[in-house]
Colleague: 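If you scroll down you'll find the structure; I have some questions about it.
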Amino acid sequence: MAHIIAANPGGPRGDEVASPELATDYDNLMLLCFDHSKLVDGKNKCDYTIEYLREYKRSHEDRIRRQTELSPEMTTTVLRFSANIGDRPVEVSTKQAYQAILPRYPADDRGIALDFTNRPGRGKADFWTSFASEISERVEKELRAGNDRSRPSHISVFALGPIPLLVHLGNAIGNTISADLYQRHRDTENWTWKNEAQDDLAYEVKETKGETGGDIAVVLSLSGKIHYDEVYKLFAKKPHLYEITIATPAPGFLASRPKLEKFRLAYRELLTKIRTLHGGGTVIHLFPAIPAPIAVVCGREILPKSDPKMTVYDHENAQGGFIPILTIN
């Protein structure tokens with residue numbers, strides 16, 4: 001039990017008036033191990049000012065207060081998903097994930113790691129469908145209640161991988177469990193959402209009519225621009241095309257949490273419109289140029305019993321452009 005202002009005026013940071021007044025004041029006490037007590041009060045004591053030590057104490061007490069005052073239903077389970085993007089393995093840092101959720105939620109001791117890095121079988125005919133089935137099985141297993149634990153009440157999702165798999169991941173998680181999604185920012189190389197003073201981002205929904213009896217295409221031009229001719233060449237009849245885009249599509253546009261929520265609302269409204277105008281029996285062909293958390297949102301927002309099926313495409317340079325990867329719902 002150490003003093004910030006020494007009990008004796010002649011001690012470290014001591015004061016003729018304050019020392020006797022604060023000698024037994026809890027606000028003037030810190031818990032230190034022996035080694036750090038010697039460091040703070042020894043030859044380096046000039047480096048440890050009163051305000052410096054008070055800030056250490058305040059920070060530690062705030063952290064403990066957050067964790068002890070919250071009931072279990074106010075904690076979150078961190079879910080990390082990683083899968084190779086092409087031949088490039090990816091990593092979702094555990095440390096960065098746990099840093100990103102604070103102080104919004106403290107994490108429970110459960111944690112879910114869905115690591116599919118270097119999964120074999122790429123190039124086989126059933127690679128994507130078997131991969132998707134494996135993801136569904138793992139998610140169902142991790143999120144269900146077991147004999148020794150309850151179902152998570154909230155999850156925090158940190159995911160990197162091919163966009164079609166992330167859409168499927170979101171669909172496997174569903175929207176019956178509360179979740180926060182996180183983005184890995186290229187400039188800061190971490191997952192912490194930024195606090196932007198002003199958010200003037202607007203999502204624009206464009207509609208281009210197609211031929212009668214044609215398919216429905218949804219283009220998401222957000223991380224980059226998808227040109228319509230890239231889509232049209234894949235269909236015998238010109239599809240009815242909807243596009244969600246922003247003024248300047250770019251990889252780093254998704255910096256703050258509100259931008260993700262704005263997209264969710266625009267996307268959900270579009271799915272409802274398609275179902276109403278074209279019927280639930282149609283198939284949506286999704287062409288995405290989007291960041292990872294938006295891909296997860298695209299899967300989570302698909303309602304299993306009412307929304308149309310969705311075929312998700314990915315861009316493969318070696319195969320000349322977009323190719324269908326997975327059908328969801």
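As the structure is a computational prediction, the values presented were derived from the model and not from experiment. Throughout, residue positions are numbered sequentially from 1 according to the sequence presented.
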Colleague: Answer yes when Glu261 and Arg257 have at least one side-chain N-carboxylate O distance shorter than 4.0 Å, and no when they do not.
Modeller: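 No, no charged N to carboxylate O under 4.0 Å.
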Colleague: Between Tyr182 and Ser156, is there a donor-acceptor pair closer than 3.5 Å when you use the side chain of the first and the backbone of the second?
Modeller: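 Between the backbone of Ser156 and the side chain of Tyr182 there is no qualifying donor-acceptor contact (under 3.5 Å).
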Colleague: Any salt bridge between Lys225 and Glu243, counting N to O under 4.0 Å?
Modeller: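 Salt bridge present between Lys225 and Glu243.
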Colleague: Are His285 and Phe287 an aromatic pair, judged by ring center distance below 6.0 Å?
Modeller: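 Not close enough - the centres of the two rings lie 6.0 Å or further apart.
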Colleague: For a salt bridge (charged side-chain N to carboxylate O under 4.0 Å, His left out) check, start with the C-alpha distance between Arg80 and Glu91, then their side-chain angles and the critical distance, and finish with the verdict.
Modeller: CA-CA 9 Å; Arg80 295 180 297 114; Glu91 179 185 4; over 6 Å; no
Colleague: Given Ile328, which of Ile284, Thr311, Asn171 fulfils the side chain to side chain contact (heavy atoms under 4.5 Å, CB included) condition?
Modeller: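 Single pass found, and it is Asn171.
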Colleague: Is it true that atom OH of Tyr56 has more than 12 heavy atoms of other residues, nucleotides or ligands lying nearer than 6.0 Å?
Modeller: no
Colleague: Atom CG of residue position Asp126 - does it have more than 12 heavy atoms of other residues, nucleotides or ligands inside 6.0 Å?
Modeller: yes
Colleague: Can you confirm whether more than 12 heavy atoms, excluding those of Lys38, are under 6.0 Å from its NZ atom?
Modeller: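 No, not enclosed.
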Colleague: CZ of Arg13 to CG of Leu53: how many Å apart, nearest 0.5 Å?
Modeller: 5.0 Å
Colleague: Roughly how far apart are Ile244 CD1 and Leu270 CG, rounded to 0.5 Å?
Modeller: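 If we round to the nearest 0.5 Å, Ile244:CD1 and Leu270:CG are 5.0 Å apart.
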Colleague: Is it true that Glu61 and Arg58 have a side-chain N and a carboxylate O under 4.0 angstrom from each other?
Modeller: no
Colleague: Verify the neighbour count for atom NZ of Lys309: are there more than 12 heavy atoms of other residues, nucleotides or ligands below 6.0 Å?
Modeller: no
Colleague: Return yes if a side-chain donor-acceptor contact under 3.5 Å exists between Thr192 and Gln99, otherwise no.
Modeller: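 Short answer, no.
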Colleague: So, His168 and Ser136: side-chain donor and acceptor under 3.5 Å apart, yes or no?
Modeller: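 Yes, side-chain donor-acceptor contact under 3.5 Å.
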Colleague: Would you say the rings of Phe158 and Trp191 are close, in the sense that their centroids are separated by under 6.0 Å?
Modeller: yes
Colleague: Considering only NZ, NE, NH1 and NH2 on the basic side and carboxylate oxygens on the acidic side, decide whether Asp307 and Arg268 come within less than 4.0 Å.
Modeller: yes
